[in-house]
Amino acid sequence: IVVTNAFTVSTAIPDGSGGLVDIPFAWPDSGPIQDVDFRFDGSVCSTDSTSALVGLNHSWVGDLTVTLISPSGTSVVLMDRPGSGDNNGNNFCNTVFDDDGAFPSIQTITSAGAPFTGTFAPQNPLSAFDEEASGGSWTLRVADGFTPDQGEVNSFSIVLSTRVCDPPFAT
């Protein structure tokens, strides 16, 4: 079973060292996780660092660390200061984090590629969630490591594939 849920949140990212925001979201139980993909959505991709139409706006994405936390407490760092602290590119829009395939790592992006769209391998594999229960309260955590850059999480999606368990055979 493959389920996609989209979340529109418009949540500010606190600025500066130690500034972080946890965005909780509920997920229905649909069985053990087989695969997870994460997306920053967006309807219009631009480098306008204040745009509410991109999935995540920020004027210096090299400041950000983004972590996805499952209901059982497993944490996967999707990106940690991508492109290093020197990456002054703006915005994630239609950006997919996916373990499958030969994608470049999100960690290798440079400001020349902004706004960041397309499919990337996350810093740490999303397969860490495999076989966990899908249902419960998940958390998207976004931390901004430096001042004075501002940002906001506007919209994201999770694509979660679960394994359907067959009932035991009668003997």
Side-chain angles (χ1 to χ4, degrees), residues 2-27 35-70 75-126 129 137-161:
V2 177
V3 178
T4 302
N5 280 336
F7 303 91
T8 302
V9 294
S10 299
T11 302
I13 303 165
D15 191 29
S17 183
L20 67 85
V21 64
D22 282 346
I23 304 168
F25 58 97
W27 195 273
D35 186 51
V36 176
D37 295 336
F38 177 88
R39 299 188 309 221
F40 282 116
D41 298 322
S43 58
V44 177
C45 298
S46 77
T47 56
D48 174 0
S49 65
T50 62
S51 174
L53 301 176
V54 298
L56 183 152
N57 66 46
H58 197 275
S59 58
W60 198 290
V61 300
D63 289 355
L64 301 177
T65 300
V66 176
T67 305
L68 185 61
I69 305 166
S70 74
S75 295
V76 170
V77 176
L78 300 174
M79 63 182 188
D80 184 14
R81 301 185 64 218
S84 81
D86 296 329
N87 188 351
N88 65 346
N90 297 351
N91 303 348
F92 292 95
C93 183
N94 299 320
T95 310
V96 179
F97 296 82
D98 185 351
D99 288 349
D100 300 330
F103 313 120
S105 169
I106 192 71
Q107 293 302 120
T108 64
I109 62 174
T110 63
S111 59
F116 304 103
T117 62
T119 303
F120 299 90
Q123 179 179 356
N124 297 117
L126 289 158
F129 299 127
S137 181
W138 289 71
T139 302
L140 177 64
R141 176 174 289 160
V142 182
D144 183 345
F146 296 93
T147 58
D149 308 294
Q150 306 290 324
E152 184 174 51
V153 177
N154 297 304
S155 60
F156 64 92
S157 298
I158 304 289
V159 180
L160 199 141
S161 302

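Residue numbers count from 1 along this sequence. Side-chain atoms are counted along with the backbone in the values below, which use heavy atoms only and exclude waters and symmetry mates.
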**Q** Without swapping roles, check the side chain of D144 against the backbone of L64 for a donor-acceptor pair under 3.5 Å.
**A**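 Such a contact is absent between D144 side chain and L64 backbone.
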
**Q** Below 4.5 Å, heavy atoms only, C-beta onward: do L78 and Q123 meet side chain to side chain?
**A** no

**Q** What is the ring orientation for F92 with F97, classed by angle as parallel under 30°, tilted 30 to 60°, or perpendicular over 60°?
**A**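 Tilted, since the angle between the ring planes falls between 30° and 60°.
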
**Q** I need the L140 CG to I23 CD1 distance, nearest 0.5 Å.
**A** 5.0 Å

**Q** Report all side-chain donor-acceptor pairs from residues 3-14 shorter than 3.5 Å, counting only partners two or more places apart or in another chain.
**A**
residue, atom, partner, partner atom, Å
T11, OG1, V9, O, 3.3

**Q** As a quick check of understanding, evaluate side chain to side chain contact (heavy atoms under 4.5 Å, CB included) for S75 and L68, giving each step before the final call.
**A** CA-CA 6 Å; S75 295; L68 185 61; over 6 Å; no

**Q** Taking all non-hydrogen atoms of both residues, which atom of R81 and which atom of Q107 are closest, and how far apart?
**A** O-NE2, 4.0 Å

**Q** With rounding to the nearest 0.5 angstrom, report the CG to CZ distance, L126 to F38.
**A** 9.5 Å

**Q** About how many Å separate CG of N124 and CG of D99, when rounded to the nearest 0.5 Å?
**A**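 Output value for this atom pair is 9.5 Å.
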
**Q** Taking C-beta and beyond as the side chain, do H58 and D63 meet within less than 4.5 Å on heavy atoms?
**A**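 Yes, at least one pair of side-chain atoms sits under 4.5 Å.
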
**Q** How close do P122 and P125 get, counting heavy atoms only, and between which atoms?
**A** CG-CA, 4.5 Å

**Q** Just how far is it from atom OG1 of T119 to atom CG of D100, taken to the nearest 0.5 Å?
**A** 10.5 Å

**Q** In this structure, which one of V96, N57, V66 forms a side chain to side chain contact (heavy atoms under 4.5 Å, CB included) with F40?
**A** V66

**Q** What's the verdict on side-chain hydrogen bond (donor to acceptor under 3.5 Å, both in side chains) for S59 and D149, showing C-alpha distance, side-chain angles and the deciding distance?
**A** CA-CA 6 Å; S59 58; D149 308 294; 3.2 Å; yes

**Q** I need the N154 CG to N91 CG distance, nearest 0.5 Å.
**A**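 The distance works out to 9.0 Å.
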
**Q** Below 4.5 Å, heavy atoms only, C-beta onward: do R141 and L20 meet side chain to side chain?
**A**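 Touching, per the 4.5 Å side-chain cut-off.
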
**Q** Mind checking side-chain hydrogen bond (donor to acceptor under 3.5 Å, both in side chains) for D37 and listing every partner two or more places apart, or none if nothing turns up?
**A** none

**Q** Report yes if the side chains of W138 and P24 come closer than 4.5 Å at any heavy-atom pair, otherwise no.
**A**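 No; the side chains remain at least 4.5 Å from each other.
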
**Q** Taking it one step at a time, do I158 and F25 satisfy side chain to side chain contact (heavy atoms under 4.5 Å, CB included)?
**A** CA-CA 10 Å; I158 304 289; F25 58 97; 3.8 Å; yes

**Q** Should F120 and T95 count as side-chain neighbours, where that means a heavy-atom distance under 4.5 Å?
**A** yes

**Q** Nearest 0.5 Å, what's the CD1-CE distance between I109 and M79?
**A** 7.0 Å

**Q** Report yes if the side chains of V76 and T67 come closer than 4.5 Å at any heavy-atom pair, otherwise no.
**A**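 No, too far: nothing below the 4.5 Å cut-off.
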
**Q** Would you find a donor on one side and an acceptor on the other, under 3.5 Å apart, between the side chain of N87 and the backbone of G62?
**A**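 Not a single qualifying donor-acceptor pair exists.
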
**Q** With sequence neighbours left out, write down each residue that passes side chain to side chain contact (heavy atoms under 4.5 Å, CB included) with S51, or none if nothing qualifies.
**A** S46, D48, L53, V54

**Q** Any side-chain donor paired with an acceptor under 3.5 Å for D80 and T65?
**A** yes

